[in-house]
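Chain identifiers are assigned alphabetically (A, B, ...) following the order of the sequence lines, protein sequences preceding nucleic acid strands; residue numbering begins at 1 within each chain.
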Amino acid sequence: MFALIDCNNFYASCERVFQPGLNGKPIIVLSNNDGCVVARSNEAKALGIKMGVPVFQIEGIVKQHKVSVFSSNYALYGDMSRRVMNTLATFSPDIEIYSIDEAFLNFDGFVHCDLEEYARRIRQIVLQITGIPVSIGIAHTKTLAKMANYYAKRIPDYGGVCILENETQRTALLKNMPAGEIWGIGRKYAALLEKHRIFTAWEFTRASPLWVRKEMTVVGLRVQQELCNLRCNELELHTSPKKAICTSRSFGCMTADFGIMYEAVASFTAQCGYKLRKQSSCANLLTLFIHTNPHRTELPQHAESITLTLPVATSDTGELCRYAEIALKKIFKEGYHYKKAGVIVSGIVDKGEVQGSLFDEENRTKNEKMMETLDKINLRYGSHTLKLAAQGFQKKWKLRQERLSPAYTTRWDHLIEISG
DNA sequence: TCTGGGGTCCTAGGACCC
DNA sequence: TCTGGGGTCCTAGGACCC
């Protein structure tokens, strides 16, 4: 059996751990730049606040019901996630960390174990150690474990744990699950299924596999088979290096200034370089994209991207930044107010497998040493201790984060103080 | 005034090989 | 009227996930 453990309203729960006065009250967490709602406590969900809505559209509800609003605090959520995962890892030799707030555990071979009792113990221990409430779904396939989790969250009688053990139960739960809620069925496929009068997970399992294969590719077919209790996906126990790495941000305010844009782009590029080095990779391609604010229809719009092929794959921040500058000069246009930029590095290879060039003028050994040193210093003294001058010092493009909570668990100066 | 960020996999079609 | 067969690699675009 596989178990899917999913943190309840994760970001909202993280905020509550350090402000327990908010328990039982509606709270929401916003996306970067304080744009959209990305997490809601149950009380906020009950008020009808939908996932992904721009916060300015629900100002009335927020004021009227005194909803607590938070900017995204990834330092906090990342650290809390690590604590939850470390705790979960003590319950099975095999764990796949699927996202910041979810993990699969492998219970294959746990034959002499009362899984329900075990799952309840996991919930209790995670809550005790981290303060984060979780829900647990257990089934023979990942997709069914996801479904079980869906019910564990929604049906109070389950008490946060749902185990799919027999056919009768599997059928019953499939019949109650809307097709669009199935893991792997997104908006487009849900609409397609609806058009063919398939409304529930059960009806989806009854559809012709040939038809599913044709309309939804082999991916859809796997989903169907997994719902029928046939395993198509195993746990992924080893993290493989990323095939593309992206760093992008919307700016706190729009800018028409090349210098400010370049500082932003250099910062994103430096971040990409760091991520590359962290997984011992080099990139052959660098893509830069920039665009204006598509919601400001009264302003002239410009969106463009460009991909440069690097002469030799690299993870050197300085070298990457030189190409990013060339890219920006090619697509930046005067007179437009840009809102967002991003850098993607791809064509990723292991740093030991970089194809050299006869005409290479870089001193790669020296550069690598320098980057190593830079990373070490930044790891020890904080991520912005040492950087390229090109990244600038003013950060005029910076995110809006007006409701940011303290980094309670990762900064000494943000530690909670208790007064007698 | 204000609308997120970072990924993966699959397929079709074109270019190319012998 | 006839004009092979079997393949690989790459990319863009579309679907999905959190």
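- Rounded to whole angstrom, the span from the CD1 atom of A:Ile28 across to the P atom of B:dC2 amounts to 18 Å.
- Of the residues listed (A:Lys387, A:Lys278, A:Arg277), the one engaging A:Asp375 in a salt bridge (Lys or Arg N to Asp or Glu O under 4.0 Å) is A:Arg277, and it is the only one.
- Of the charged side-chain nitrogens involved, none lies within less than 4.0 Å of a carboxylate oxygen, so that A:Lys146 and A:Glu181 do not count as a salt-bridged pair.
- A salt bridge links A:Glu116 to A:Arg120: at least one charged side-chain nitrogen sits closer than 4.0 Å to a carboxylate oxygen.
- Contacts of A:Ile182 with the nucleic acid, taken as non-hydrogen atoms under 4.0 Å apart, involve only primed sugar atoms and P, OP1 or OP2.
- Closest to the A:Val218 side chain, of the nucleotides B:dG6, B:dG4, B:dC10, is B:dC10.
- Nearest-nucleotide assignment on DNA chain B puts the 5′-proximal partner with A:Ser248, out of A:Ser248 and A:Arg213.
- OP1 or OP2 of B:dG6 sits under 4.0 Å from a side-chain N or O of A:Arg249.
- Across all strands, A:Ile245 comes closer than 4.0 Å only to sugar-phosphate atoms, never to a base (heavy-atom distances).
- Using a 4.0 Å cut-off, no side-chain N or O of A:Lys340 falls inside it from OP1 or OP2 of B:dT3.
- Listed pair A:Arg296 / B:dT1 fails the phosphate criterion, with no side-chain N or O lying under 4.0 Å from OP1 or OP2.
- Comparing B:dG7, B:dT3, C:dC17 by their closest approach to the side chain of A:Cys246 singles out B:dG7.
- Spacing between atom CD of A:Glu402 and atom C1' of B:dT3 amounts to 15 Å, rounded to whole angstrom units.
- The interatomic distance linking A:Tyr11 (OH) with B:dG6 (P) rounds to 12 Å, in whole Å.
- For the 3.5 Å distance criterion, the side chains of A:Ser99 and A:Asp101 qualify, holding a donor opposite an acceptor.
- Annotation for A:Lys396: atom NZ does not count as buried by contact number, only 12 or fewer foreign heavy atoms lying within 6.0 Å.
- Residue A:Gln401 contributes atom CD, which lies 18 Å from atom P of B:dC2 at whole-angstrom precision.
- Residue A:Ile185 is classed as a sugar-phosphate contact, given heavy-atom separations below 4.0 Å to backbone atoms only.
- For A:Lys188, a side-chain nitrogen or oxygen approaches OP1 or OP2 of C:dA15 to under 4.0 Å.
- Within the 4.0 angstrom heavy-atom criterion, only backbone atoms of the sugar-phosphate kind lie near A:Asp101; the bases stay farther away.
- Atom-to-atom, CE of A:Met51 to P of B:dG5 comes out at 14 Å; the value is rounded to the nearest Å.
- In this structure, A:Val55 reaches neither bases nor backbone, as no heavy-atom distance under 4.0 Å exists between it and the strands shown.
- Nearer to the 5' terminus of DNA chain B, by closest-nucleotide assignment, is the contact made by A:Ser31 (compared with the other of A:Ala244 and A:Ser31).
- Open room surrounds OH on A:Tyr274; 12 or fewer heavy atoms of other groups in view lie less than 6.0 Å from it.
- Checking the phosphate oxygens (OP1, OP2) of B:dC2, no side-chain nitrogen or oxygen of A:Asn33 falls inside 4.0 Å.
- Here A:Lys146 lies in heavy-atom contact (under 4.0 Å) with sugar-phosphate atoms only.
- For the pair A:Lys339 and B:dT3, the criterion of a side-chain N or O lying under 4.0 Å from OP1 or OP2 is met.
- A:Tyr98 places its OH atom 11 Å from the P atom of B:dC9, with the value rounded to the nearest Å.
- The gap from the C1' atom of C:dG4 to that of B:dC17 amounts to 15 Å, rounded to the nearest Å.
- A:Ser250 has a side-chain polar atom (N or O) that falls below the 4.0 Å cut-off from OP1 or OP2 of B:dG5.
- Using a 4.0 Å heavy-atom cutoff across all strands shown, A:Ser72 reaches no nucleic acid atom at all.
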